[in-house]
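Report on one structure; see the data block that follows.
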Amino acid sequence: MSGLHPWQVMTDHLPWHSAPLPLPEAPEAWHQLAALGGWQAVVADTVHAFTQDVMFSRHAGSAGLSARWCSLPCAVPVLCAAATGDGMAALQTAVMAAEADGLPLARIVVALVATGEGRLSAPVKAGATMLQPKVASIVHVPHDERIRSHGLRDLTRLKTRTLAAGRQLAEAVLSSAHASWGETLPPAAVPAAYTEGTTHRGLAEVADHAC
């Protein structure tokens, strides 16, 4: 966001090569964090084995993390896949698993990330064409060596096409949200009430009904 709506980044300020901090897996905890911060929109970057989770939860007969992420108010899932033959095969498996489990495919945005310079291969182009009608949008993210080596610490050095892909991703997510919940999205969530003796688990459960 820009102008009257500045954006903020929560970071641990550790070196780029350091191991990530252990963070809560519960989607409800992230939703409650957004409410506590008063943020209208939050991007949660998680390392999540989507396909494995969907298939395991379907076998176990219980709601997995993927389904819980999708059930949060105004949540738009973004699946990231490498723009390679193997990456496309994994993405197709993920989409088939989500479709079989009844997850909102039409709300999902896909980011196809290039692993090097050059044009996309024919299998990747064909796979993207086949998946396009099933998901909300497919955005091609170009290779940018500075992100791999420095992350987002120096935004002024990012390539123009990288910034353009970022804007396209944001627009795709917003468009998906508008298609599901209308042009005027509901206001930011209100933090769940805390009473003495409430456990962390209780807070997460309350947060799921905060909106």
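When reading the values below, keep in mind they use all heavy atoms of this one structure, side chains included, and skip hydrogens, waters and symmetry mates.
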For residues 164-172, which side-chain N or O atoms pair as donor and acceptor with protein atoms under 3.5 Å away, sequence neighbours left out?
none

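With Asp101 contributing its side chain and Met55 its backbone, the two residues share no donor-acceptor pair below 3.5 Å. Although no hydrogens or angles enter the test, the distance criterion places no donor-acceptor pair under 3.5 Å between the side chain of Trp69 and the main chain of Val76. Using a distance-only test at 3.5 Å, with no hydrogens or angles considered, no donor-acceptor pair links the side chain of Ser180 to the main chain of Ala177. Formation of a donor-acceptor pair under 3.5 Å by the Arg58 side chain with backbone atoms of Ala100 is found in this model. Looking at Arg107, its side chain does come within 3.5 Å of a backbone N or O of Ala75 through a donor-acceptor pair.
Atom OG1 of Thr51 sits about 11.5 Å away from atom CD of Gln92, to the nearest 0.5 Å. Atom OG1 of residue Thr46 and atom CD of residue Glu25 lie 9.5 Å apart, to the nearest 0.5 angstrom. Rounded to the nearest 0.5 angstrom, Ile138 CD1 and Thr129 OG1 are separated by 8.0 Å. The distance from the CG atom of Leu105 to the CE atom of Met96 is 11.5 Å, given to the nearest 0.5 Å. To the nearest 0.5 Å, the span separating CD on Glu28 from CG on Leu65 amounts to 8.5 Å. The distance from atom CG of Leu72 to atom CH2 of Trp30, rounded to the nearest 0.5 Å, is 12.0 Å.
Nearest heavy-atom pair, Ser57 versus Ala63, reported as atom, atom and distance to 0.1 Å: CB-C, 4.3 Å. Between Ile108 and Val135, the closest heavy-atom pair is O-CB, 3.4 Å. Taking both residues in full, the closest heavy atoms of Ala81 and Gly87 are given as CB-O, 3.9 Å, listed atom of the first, atom of the second, then distance. In terms of heavy atoms, Met88 sits closest to Ala128 at CE-N, 3.6 Å.
Looking only at side-chain heavy atoms (C-beta outward), Leu112 and Val124 come within less than 4.5 Å of each other. Using a 4.5 Å heavy-atom threshold, the side chains of Leu91 and Val110 count as touching. For the pair Val113 and His140, the minimum side-chain heavy-atom distance is 4.5 Å or more. Residues Leu103 and Val54 are in side-chain contact: their nearest non-hydrogen atoms beyond the backbone lie under 4.5 Å apart. You'll find the side chain of Pro142 reaches within 4.5 Å of the side chain of Thr162, heavy atoms only. Side-chain contact between Leu185 and Leu174: present, with at least one pair of heavy atoms (C-beta onward) separated by less than 4.5 Å. Under the 4.5 Å side-chain criterion, counting only non-hydrogen atoms from C-beta, Ser137 is not in contact with Ser176.
For Lys159 and Glu117, the salt-bridge test passes: some basic side-chain N is under 4.0 Å from an acidic carboxylate O.
Taking hydrophobic clusters as Ile, Leu, Val, Met, Phe, Trp and Tyr residues chained together by side-chain heavy-atom distances below 4.5 Å, Val173 shares a cluster with Val141.
With no hydrogens or angles considered, a side-chain donor-acceptor pair links His48 and Ser66 at under 3.5 Å.
Within a 6.0 Å sphere centred on CD of Gln132, heavy atoms belonging to other residues, nucleotides or ligands number more than 12.
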